[in-house]
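Presented below is the structure to which this report refers.
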Amino acid sequence: MPPLLPHSPQAVSRRLRALSLSALAAGLAAMALPAASFAQDLTRPLPDAPISPLPPAAPPSTDPNEIPIAFAADKVEYAQNSEKVTATGNVVLRRDDQSVRSDVVTWDRNTGQILATGNVRMIDENGNQLFTDRVELTDELKTGAMENLLIALRQGGRLAAVQGRRIENGNVILNKAAYTGCAVEDSDGCPKKPSWRVTASQVVYDDAAERITFRNARLEMFDFIKLPLPGLRISTSGGSVGGFLVPDFRTSPSNGLELSGSYYWQIDKNRDLTATAYVYSKVAPMISGQYRALTSKGAYQITGYATSSSRIPITGNNPDASRSFRGYIFANGKFQLDPNWSVTASIRRTTDRTFLRRYYINRDDRLRSVVDVERIDPKSYLSISGWATQTMRAGVDQGQVPVALPLIDYRRRFDDPLLGGKLEAQLNTLAISRSQGQDTQRAFAKAQWSLRKLTGMGQEVTFTGLVRGDVYHSSDNDLTLTDLYRGQAGWKTRGVATAAVDVRWPMVGTIFGGTQVLTPRVQLVATPRVPNLSIPNEDSRAIDLEDSNLFALNRFPGYDRIEDGVRFTYGADWQFERPRWRIKANIGQSIRLGNRESILPDGTGLSSKTSDIVGRTEVRYRDWIAVTHRYRIDKDTFAVRRNELDATLGNTKTYAEIGYTKLNRDINAVEDLRDREELRFAGRASFFQYWSIFGSSVVNLTSRSQDPIYGSDGFQPLRTRIGAAYSDDCLEVALTWRRDYQATGDARSGNSFQIYFALKNIGFK
């Protein structure tokens, strides 16, 4: 194709397509610096609207080495003597989703230099914007220069620099640069000074690695706190990048002064590793590591802690004479093998019972490990799992803690072709073993049929029928301390049959300017006598009458115990709604129609012919008030046997959470379900927009008359926490004081302090 005349409009347009691509590429290379530093006027207002008017898209180029770019300007001039092409007046370049706007664009044909000056604004395909006064580069994009530039990143944050240039290898060098991840305007659009910024003598953007590196970086907070940040790096793709994280500082009575620092390593896009070192003034250092990975089938993580120290037994005060290894491992993950099959696993183990509390990792009283293989389809469910538990509680023998392996549960639903109901079949088997206790194996098969009908008057009637056959084998039964749980050694069989009818009658009306639904409910359940005491009780021990199990076919929580006989249960649900308000309540009671003695222990609310009265009330007002009250009232004396209150008042910034529990059940024959009374409080109060104070406390109100063994005097604080925090859109700082009032082995009671620090939009925390 013959060349166009240089002074023709077609020649100017064609050549400016090529040179504008170079200018745009240089600008976009600089703009791709997400999450970096801040230097010049970071707070200046910037336009949000796209560049307009954009010229129409350029037609496809016939030259494979040329990338077409649309071009528009108020005026184009060609100086034949100096070989310069100048476009002036709202010059706009466009290539796909990328655009450049400038007052003047000049191309020197002799030197190949391209110069864009005056209010230069560039937008890349990701929405990042570059603002500068002057961009200088060649038409081959070998070198380039910018002055007084500002980059606004779409993902948040601004980067500014005095000078910028692109070098031979494609990297962009910014001199005297600075970055902030803070907003520069408040919610009303008024200017706002950032609470922190990172300054650096030089910033290097590696285009190939999509990474920004800061040299001689320094963090400046509120213009008077200045901290060095050596080795600071940020990813331009919005992902993570390796480096040191902000350290944590704490003091505790068990370990003294504590300083912990972490290093984050982004191994690959789907794998990372975080290593942490802990240094203490009273004990030896500790290390921890967390490895995380995402695969095509699922995700998993492995966390471990390790140290060496002497330990105080959980039931004594004298430490071991020699130091030993102490640690903790926690690994979990889930894998979806195909649309139906999945595997879930979690492993939690520690070397001793006080390690986790002493080093403030967690306060769990038991560590569960489980592996579960599941298959789910629209009609069936299969689970093959195994469970193991490590106790952290004082006075509990680990040898008495069971291991459940295997636990197999299979269920399948069928449609009833005769009456239109639903039929579900279940097969279940369980093997429980103990190193120093009773071993039990169980298998059963169950079929349950249900049919739901609506009458012409609006009643909802549900018919249920159930049959089940059980086979048990147990050994070493005399090692179980509670007689009710042992059962008889050897092989035992049992048959269960249950029939039930449940009737609800919802009635809708208006009241107090809102809508109410009152639903009376009655239920009749019949189960022939079951030989319960000859069967070991492994999973039905925590029996207690509550509103949640009042209408259950079997109010024992597991499979090993069956509530037999004939009983009639009645109650009512009430719901009220009006704008901003919602109230839900239920109440009920059950009556056994036979005179046979119950196996349900005294104090559970179910041992007598007539049960206690149970109920629940929930009140909500918008998002400001949420109150839930659960109760159980003695049928004879009307004493409150169970009284639980949970209330939340306020919004997300200022709120109070109050919890109160009182168990007055007089259960002494079963496990440790003794009377308890406890008060819990947590709250936060915000002020001056960004500041807040917070606190929480747990107080044991159990008196010696309620539980002489526990030793509480009626007001015994367990844990208290108070702190103050500053939190804005990009910075969070908190100081927390905590006091533990109970010592457990080498997890001593006393005061501890912690300083928390987080920079948002920069990868710290």
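Quick caveat, the model's predicted, so the values are computed rather than measured.
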Please report the C-alpha distance between Ile287 and Thr276 in whole Å, then the side-chain angles of each, then the deciding distance to 0.1 Å, and finally whether the side chain to side chain contact (heavy atoms under 4.5 Å, CB included) criterion is met.
CA-CA 6 Å; Ile287 59 173; Thr276 305; over 6 Å; no
Can you see whether Phe556 has Arg561 sitting over its ring - NZ or CZ less than 6.0 Å from the centre and within 45° of the normal?
no
Which residues share a side-chain contact (heavy atoms from CB on, under 4.5 Å) with Ser383, sequence neighbours left out
Asp372, Glu374, Tyr381, Ser385
Hey, are the side chains of Leu273 and Tyr264 touching, using non-hydrogen atoms and a 4.5 Å cut-off?
no
Is it the case that Arg541 places NZ or CZ above or below the six-membered ring of Tyr485, under 6.0 angstrom from the centre and within 45 degrees of the axis?
yes
Would you kindly say whether Asn477 and Gln488 are connected by a side-chain donor-acceptor distance under 3.5 Å?
no
Output all residues satisfying ring pair (Phe, Tyr, Trp, His ring centres under 6.0 Å) with Phe355, sequence neighbours left out; order by chain, then residue number.
Tyr359
With side chains defined as the heavy atoms from C-beta onward, is the minimum distance between Arg642 and Asp544 less than 4.5 Å?
yes
Salt bridge Arg632-Glu644, side-chain N to carboxylate O under 4.0 Å
no
Phe694 versus Leu735, closest heavy-atom pair with distance:
CZ-O, 4.2 Å
If you apply the rule salt bridge (charged side-chain N to carboxylate O under 4.0 Å, His left out), what do you find for Arg486 with Asp478, and how did you get there?
CA-CA 7 Å; Arg486 289 177 182 170; Asp478 56 336; over 6 Å; no
Atom CG in Asn651, atom CZ in Arg684: separation rounded to 0.5 Å?
11.5 Å
If you measure from the Lys or Arg side-chain nitrogens to the Asp or Glu carboxylate oxygens, is any gap between Glu546 and Arg616 under 4.0 Å?
no
Over 60° means perpendicular and under 30° means parallel, so tell me whether Tyr726 and Trp691 are parallel, tilted or perpendicular.
perpendicular
Working to the nearest 0.5 Å, report the span between OG of Ser346 and CD of Gln301.
8.5 Å
Could you tell me whether a side-chain N or O of Gln742 sits under 3.5 Å from a main-chain N or O of Ser749, the two making a donor and an acceptor?
no
Give, for atom OH of Tyr291 and atom CD1 of Ile267, the distance between the pair rounded to the nearest 0.5 Å.
5.0 Å
Gln290 and Thr274: side chain donor to acceptor below 3.5 Å:
no
Would Asn643 and His629 count as having a side-chain donor-acceptor pair, cut-off 3.5 Å?
yes
All N/O donor-acceptor pairs, side-chain side in residues 654-662, below 3.5 Å, sequence neighbours left out:
| residue | atom | partner | partner atom | Å |
| --- | --- | --- | --- | --- |
| Thr654 | OG1 | Ser686 | N | 3.1 |
| Tyr660 | OH | Glu677 | OE2 | 2.5 |
| Thr661 | OG1 | Arg680 | NH1 | 3.2 |

